[in-house]
Amino acid sequence: MFLWATMLWGLVAFLIGLILAVELPVPQLNGGIEYITFGRLRPLHTNAAIFAFAGNAIFAAIYYSTQRLCKARMWSDLLGKLHFWGWQLIIVSAAVTLPLGITQGKEYAELEWPIDIAIAVVWAGFFGGNFFMTLIKRRERHMYVALWFYIATIVTVAILHIFNNLWVPLVAWGMPGNPLSVLKSYPIYAGVQDAMMQWWYGHNAVAFFLTTPFLGLMYYFLPKAAQRPVFSYRLSILHFWSLVFIYIWAGPHHLHYTALPEWASSLGMVFSLMLWMPSWGGMINGLLTLRGAWHKVTSDPILKFFVVGITFYGMATFEGPMLSIKAVNSLSHYNDWGIGHVHSGALGWNGFMVFGMVYWLAPKLFQTKAIDVKLANLHFWLATVGILLYVISMYVAGLTQGLMWRAMTPEGQLAYPDFVETTTKIIPFYWIRVGGGLLYLGGAVVGTYALYKAWKQRPEKYDEPVIEAAPLSKEFEREVKPVSTLDGVVPIAQKLDVWKTMWWHRTWERMPVKFTVLVIVAVVVASLFEIIPTFVIRSNVPTIASVTPYTPLELAGRDIYVAEGCYNCHSQMIRPILSETKRYGDYSKPGESVYDHPFQWGSRRIGPDLAREGGIRTHSWHIAHLDNPRMVPGSIMPAYPWLMKKKIDFKSIPLRMKANRAVGVPYTDEQIASAIEDAKKQAQEMHEIFLDQNVGPYVSNKGEGEPIDLSDRQAIALVAYLQRLGTDLTKPAPAPAEEEAPATEEETVSAEPAEQLSEAN
């Protein structure tokens with residue numbers, strides 16, 4: 001079941017990715033339909049590729065290999081079925097909610113609170129419970145290396161998911177006017193802390209969802225396919241523990257030169273560089289497992305997929321630490337280089353390992369002859385050429401963007417001051433990416449057909465052999481500490497000689513509970529060391545007196561911004577780099593985003609940064625731009641005509657303010673009580689200004705239909721939010737409330753010189 005789900009969801013993920021690839025050079029492709037814009041579909045593509053395609057593949061691999069490594073059937077068939085159908089329901093829920101604009105606005109963690117709860121139950125309860133009970137009831141004493149990686153995956157993903165997805169749901173304060181808003185929630189973290197938590201989660205979702213389970217898959221299926229033992233047992237131990245401990249520290253390298261404290265991002269960089277060693281240790285262990293079997297690679301498509309997949313793992317894990325270096329990151333961040341890097345891992349490493357596993361598993365599950373070799377080879381070459389076209393085109397596009405953004409004239413001015421100039425230059429590379437994506441999708445279609453063809457050849461009745469191993473005995477021969485054979489050396493050398501035999505680890509391998517606890521300790525300790533200082537040391541996020549909470553209308557507009565997925569194309573983080581401050585204005589401060597739940601710093605710039613957008617352009621310009629972005633020649637932004645038609649949900653605004661107050665935004669009872677009235681008043685004032693600027697009411701760019709009063713439309717709320725961005729730094733701080741105390745006859749007033757008063761203040 002998981003095998004079929006892997007291929008079917010893979011086709012969906014790749015197809016949506018292809019649609020998105022075409023939407024960039026042809027933004028009109030969505031036809032004015034709000035549900036298929038780039039901003040709404042991109043999270044669906046990433047979730048489908050990661051959690052549907054790769055996720056189902058992980059489960060297929062773990063269910064198949066765990067039973068054989070433990071010599072025991074899974075503990076509960078019921079939990080297995082609940083896991084399967086629960087996970088597919090989660091994926092369908094994502095496919096429904098994300099195009100509707102129901103999102104938390106955090107990359108790879110966009111799904112809203114009811115789905116978050118379902119993920120926790122299905123992952124930790126159904127899947128985790130079934131797996132760990134199988135380990136406890138196993139009938140093989142020692143746990144093979146693949147099981148170590150499965151343990152790390154299950155416990156760490158549970159920790160990451162739960163602590164990154166702590167939120168306050170809107171519905172806790174009442175029913176909003178829009179029924180879909182019952183799914184809205186606000187994370188308890190804001191600004192710098194939210195960014196820290198998100199990339200602690202985001203990077204380690206890559207580590208423990210797209211790396212460790214696939215390494216477990218590699219350690220099981222590659223030796224099976226090659227009919228060779230794993231190259232080095234000791235290297236697998238070093239690979240596992242160094243990866244588990246080091247990976248968890250690396251997340252902050254996604255936030256170089258941002259408002260995150262510099263020590264945190266530097267720490268992430270150091271550990272990212274250290275990560276290169278264990279990652280390549282795993283790659284070497286995998287490739288050298290093929291020693292003596294390389295001649296098979298030329299004729300066996302399964303080994304072809306595995307070899308290319310492991311090679312992409314090596315490439316991606318070299319490139320990742322390189323991109324974490326600050327000097328390199330200043331060039332690569334926010335552009336398409338990162339997109340190429342991500343896809344080399346997800347489609348090159350993960351995708352090829354999945355396809356190799358599928359081709360190896362299919363004949364055994366369907367009890368047929370080997371998979372069609374010609375179809376498998378065709379799939380391999382289509383996928384290989386496709387991913388190379390994709391990755392190389394994105395590398396070139398990213399370098400082009402990065403160099404153009406930072407290019408300066410001899411006079412010290414921007415060489416390309418108009419952002420759209422840097423966009424039009426990379427359109428040809430977007431078309432090359434479309435070609436690469438089309439080939440990769442075509443390969444997946446061929447692979448699915450090969451799988452279907454094998455399934456059609458299955459026998460009328462499957463042979464179901466029952467294989468039983470004896471239960472583990474309480475009495476068994478325990479590991480004995482070896483004695484060093486070194487003579488004439490100091491005692492510490494003898495101890496090291498004994499230690500390096502790793503007999504102690506052999507003891508851990510028969511203790512699943514202790515092993516799991518050690519993994520949890522490694523992950524939690526590393527996490528706390530980098531997270532706690534960001535939360536408790538005030539100097540990390542200095543407050544700015546002039547930064548105040550959003551007005552009711554601005555808050556509603558911000559939620560529309562999040563729902564439309566604007567953060568997928570626009571950043572709100574100006575780095576302290578000369579070219580950026582020249583282009584956008586003063587660099588972003590930590591205290592500016594203290595009321596942002598969630599943060600919106602972004603990770604990509606398909607459009608310009610918006611951190612200082614407020615007040616630069618008129619209301620009428622923003623409305624016209626939303627209606628027809630091609631008013632800026634070369635723009636690849638899609639149009640948003642529905643924002644001029646859909647009404648603001650005024651009823652939900654007080655609830656939104658209450659939910660924000662619950663997570664720390666200082667809204668008063670009076671502000672909440674008058675929220676609807678204040679929002680309508682601000683909207684009306686903005687609409688009147690718009691009428692003056694536009695010299696008349698709004699009519700669509702096609703000039704069709706009746707004029708529309710925008711005073712109660714979502715476009716006005718969104719513009720209110722955009723006009724607020726960056727203005728806090730230039731407005732005066734609110735005057736502190738004065739406390740008046742009744743004077744007494746005995747009270748005297750000291751007449752100090754003005755200089756002394758000033759100094760005292």
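With a 6.0 Å cutoff to the six-membered ring centre and a 45° limit on the axis angle, K106 does not count as a cation-pi contact of Y108. Both tests pass for R605 against the ring of Y334: distance under 6.0 Å to the centre and angle within 45° of the axis.
N47 places no side-chain N or O within 3.5 Å of a backbone atom of L44 that could act as its donor or acceptor partner. Proximity of a side-chain donor or acceptor of T211 to a complementary backbone N or O of F208 within less than 3.5 Å is not detected.
Aromatic ring centroids of F131 and W123 lie 6.0 Å or more apart. Ring-centre distance between F515 and F240: below the 6.0 Å cut-off. The ring of H203 has its center closer than 6.0 angstrom to the ring center of H254. In this structure, F149 has its ring center closer than 6.0 angstrom to the ring center of H239.
Side-chain contact of Y257 with H333: a donor-acceptor pair under 3.5 Å is absent, judged by distance alone.
Judged as a side-chain hydrogen bond (donor to acceptor under 3.5 Å, both in side chains), the pairs with a partner in residues 523-532 (not counting sequence neighbours) are, in order, W200-S527.
Note: M269 CE to N329 CG = 10.0 Å, rounded to the nearest 0.5 Å.
At a threshold of 4.5 Å between non-hydrogen side-chain atoms, the residues Y550 and V665 do not count as touching.
In terms of the side-chain contact (heavy atoms from CB on, under 4.5 Å) criterion, residue partners of H341 (sequence neighbours excluded) are, by chain and number, A316, E319, L323, S344.
The local environment of CZ in F318 is sparse, with at most 12 non-hydrogen atoms from other residues, nucleotides or ligands closer than 6.0 Å.
Contact check on D596 versus R558 returns a salt bridge, with a Lys/Arg side-chain nitrogen under 4.0 Å from an Asp/Glu carboxylate oxygen.
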